[in-house]
Amino acid sequence: MHLVLARVDGGLTATPLTDAGAPDGQPTRLAESALRAFVAAHDGPGVRWVWSDTARWYPAVLAAGGRVARCVDLRLGHRLLRSALATRGSALAEAPVSAWDAAAAPEARPAPATQASLFDDDLFTVAAADDDLDPVAELRAQLDAVAGATEPGALRLLLAAESAGALVAAEIKHAGLPWRSDVHEQLLADALGPRVPYGVRPRKLEELAVVLRQRLDDPELNPDSPADVLRSLRRAGLVVDSTRKWELERLEHPAIEPLLEYKRLYRLLTANGWTWLDEWVQDGRFHPEYVVGGVVTGRWAANGGGALQLPKQVRGAVVADPGWELVVADAAQLEPRVLAAMSGDTDMAAAGDGQDLYDGVVASGAVQTRQQAKMAMLGAMYGATQGEGGRFVPRLARAFPRALDLVEQAARAGERGEPVTTRLGRTSPVPEQSWFEARNRAYSVDGAPAMQRAVESRARSWGRFTRNFVVQGTAAEWALSWMGGLRTRLAARTDGPVTAGPHMVFFVHDELVVHAPAADAEWVAEQVRAAAVDAGRIMFGGFPVTFPLTVAVVRSYDQAK
DNA sequence: AATTAAGGCGCG
DNA sequence: AAAGCGCGCCTTAATT
């Protein structure tokens, strides 16, 4: 059954509906402070909590020590179904833009918890009223759209996975990634020197700056300014177009080594230095705010703190609590495996069966080395035409025609301005109107050749986007299925708050970190693997593709891999 | 003073 | 001239 939560003048209603959306009893009226108890009393295997936005409703439940098994995130569903090819023409897709199309309003932040407010009902405040949103009507519209869709089963999986992901994201933010500030600070001191106030150059950087000015014979050089550095390098007689790392690495000059070191440390300081630590780590936890579906392909984005760019350099500060372990799991060569499965390429799937997929490609004879196999595979999925990647793509196409044909077809569709879809039906955007207008103009009687070249270039660019969309998006669906399944498995282990037992604390596209009591760690590792097997079946049925993981049980994140 | 663009680099 | 995909976020430099 569905239990639809809504906010009405000063309180909440919970409206029971059947799985099909029909009335299933009287709505219950309750006070906001009663939500946690109500959830605890009514949650169960057959229940789906329906709400406007997980990010607005669920934090209050979590803060009160509660949790839910399943939910329907209406705003995420709305966005998927409005744009999906499979629901084109549905009432939901045809309706004018409404409040459901707006981004979710930010979560109402409870006042900082004081000793008194910890026991105050105000802490459980959910969110401001969504007066213009009718979740019951919206749920029915979504159920109707799915029922009339060309592939309702896939869409149901997609919606369930997206909503499960929303629960995971909220729980990760709630629990936080264990973070040892003292370890981080030691690491910064070792690399940069003693802590300095914001705006002051740390000792190690200052020393490198002195060396740079001397070796470039430029006493005024500001190494923080790329334009300044570029001028200085050219004055020293170096032929260089930018100060990008890969370009500098090709140069022979005594200033290059300290310059690269300066840039490396400067990056550490500005991205994950003392300022970051002060702003993002509280009470031994980093609380990443993920944006579910924040990337067009369906990948998550992150808001603040750079959760999806956590440098390997600082992962040593991620340390399990005493008596706990981190279970770090990484899906090996996820995207090529997804491509093999979605294209039905049994040869490519076989290349990855029970081994590193790139090694399997080498064993197939298509290329000579693992590095070539990797470059070629990435090149095929990204649309490389030149360089190391582009060079070996044709060999891959001969060895694995079905897989390569799938991405090729996606690229052609994109070049024509058509949408493409993932395995479960997430649909790519189409180019802006101006893209089509420019194309039509270029191919009309007065289209200049330069104009046509520009248009063709834009078309190929969009084709590379759609080429990658189908693979990256389907991989994101696999990852959502993996996480959602793991979440259910972990939840069955422990009652009570999410953080009482093993729980997810970090996620980066194809990698997961679970914080687990030491006694549970091996069990968790098994569950992580089992969830990956489940995800493969959910997405690709009986197709013989495997999704091997590297799983490590470690004390700190840097010890994995 | 505030906003936008460009350069650059971290992650997958 | 074009150049393998998707992001977020830091800084400096340019613009309003």
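Here is how names work: the chains are called A, B, and so on, in the same order as the sequence lines, proteins then strands, and each is numbered from 1. Both backbone and side-chain heavy atoms feed into the values below; hydrogens, waters and symmetry mates do not.
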Rounded to whole Å, the CE-C1' distance (Met451(A) to dA1(C)) equals 18 Å
Note: for Phe465(A) and Arg453(A) on DNA chain C, the residue whose nearest nucleotide lies more 5' is Arg453(A)
Can you tell whether the side chains of Glu206(A) and Arg213(A) come within less than 4.0 Å, N to carboxylate O?
yes
What is the nucleic acid contact for Arg315(A), judged by heavy atoms within less than 4.0 Å: base, sugar-phosphate only, or nothing? sugar-phosphate
Q. If you measure from the C1' atom in dG4(C) to the same atom in dG12(B), how many Å do you get, rounded?
A. 14 Å
Output for pair (Glu511(A) CD, Leu310(A) CG), nearest 0.5 Å, gives 10.0 Å
Assess, by modelled atom type and distance only, whether the side chains of Asp356(A) and Gln333(A) contain a donor and an acceptor separated by less than 3.5 Å. yes
Between OH of Tyr262(A) and P of dG8(B) the distance, given in whole Å, is 15 Å
Closest of dG12(B), dC7(C), dA2(C) to the Lys312(A) side chain is dG12(B)
When you measure from the centre of the six-membered ring of Tyr557(A), is the NZ or CZ of Arg315(A) under 6.0 Å away and within 45° of the axis? yes
Please confirm whether the shortest side-chain N or O distance from Thr385(A) to OP1 or OP2 of dG4(C) is below 4.0 Å. yes
Please determine if a side-chain N or O atom of Tyr266(A) lies less than 4.0 Å away from the OP1 or OP2 oxygen of dG10(B).
no
Among the nucleotides dT12(C), dG8(B), dG12(B), whichever has the atom closest to the side chain of Lys263(A) is dG8(B)
Taken to the nearest whole Å, CG/Leu265(A) to P/dG8(B) is 18 Å
Just call it for Val471(A): base, sugar-phosphate, or nothing, with non-hydrogen atoms closer than 4.0 Å on any strand.
nothing
Does Gly304(A) reach a base, just sugar-phosphate, or nothing at all? Heavy atoms under 4.0 Å. sugar-phosphate
Separation of dC11(B) atom P from Asp558(A) atom CG, nearest Å, is 14 Å
Out of dG8(B), dG12(B), dC5(C), minimum distance to the side chain of Asp510(A) belongs to dG12(B)
Atom CG of Leu512(A) and atom C1' of dG12(B) are separated, to the nearest Å, by 13 Å
Taken to the nearest whole Å, CZ/Arg299(A) to P/dC7(C) is 9 Å
Here the distance between atom P of dC9(B) and atom CH2 of Trp246(A), to the nearest Å, is 11 Å
Quiz item: What nucleic acid atoms does Gly305(A) come within less than 4.0 Å of, heavy atoms only: base, sugar-phosphate, or nothing?
Solution: sugar-phosphate
**Asked** Base, sugar-phosphate, or nothing for Phe392(A), non-hydrogen atoms under 4.0 angstrom?
**Response** nothing
Quick note, Asn468(A) side chain, CB onward, closest among dC5(C), dG8(C), dA3(C) is dC5(C)
Practice item. State whether the distance check finds a donor on one side and an acceptor on the other, under 3.5 Å, for side chain Gln309(A) versus base dG8(C). Key: yes
Ranking dG6(C), dC10(C), dA2(C) by distance to the side chain of Gln472(A), first place goes to dG6(C)
Pairing partner of dG4(C), by Watson-Crick or G-U wobble and under 3.5 Å for both distances, is none
I'd like to know if the side chain of Arg337(A) and the backbone of Gly352(A) have a donor-acceptor N/O pair within less than 3.5 Å.
yes
Among dC11(B), dG10(B), dG8(B), the one nearest any side-chain atom of Lys245(A) is dG10(B)
Review point. With a 4.0 Å cut-off on heavy atoms, is Ala271(A) in touch with a base, just the backbone sugar-phosphate, or nothing at all?
Key: nothing
Rounded to whole Å, CZ of Arg264(A) lies from P of dG10(B) at a distance of 10 Å
Original post:
If you draw a 6.0 Å radius around CD in Glu257(A), do more than 12 non-hydrogen atoms from other residues or ligands fall strictly inside?
Top reply: no
Of the listed dC7(C), dG12(B), dA3(C), the closest approach to the Ala301(A) side chain comes from dC7(C)
The nucleotide from dC9(B), dT11(C), dG12(B) with an atom nearest the side chain of Arg267(A) is dC9(B)
### Message
Base, sugar-phosphate or nothing for Asn303(A)? Non-hydrogen atoms, less than 4.0 Å.
### Response
sugar-phosphate
(Q) Need one value for Met377(A): base, sugar-phosphate or nothing, where a base atom within 4.0 Å counts as base even if backbone is also close, heavy atoms only. (A) nothing
On the side chain of Arg467(A), is there an atom forming a donor-acceptor pair with the base of dG4(C) - under 3.5 Å, no angle test?
no
Closest of dG4(C), dG6(C), dC9(B) to the Val295(A) side chain is dG6(C)
**Message:** Would you say Ser225(A) places a side-chain N or O within less than 4.0 Å of OP1 or OP2 belonging to dT11(C)?
**Reply:** no
Open item on the list: Please check if the number of heavy atoms outside Gln368(A) that lie under 6.0 Å from its CD is greater than 12.
Closed with: no
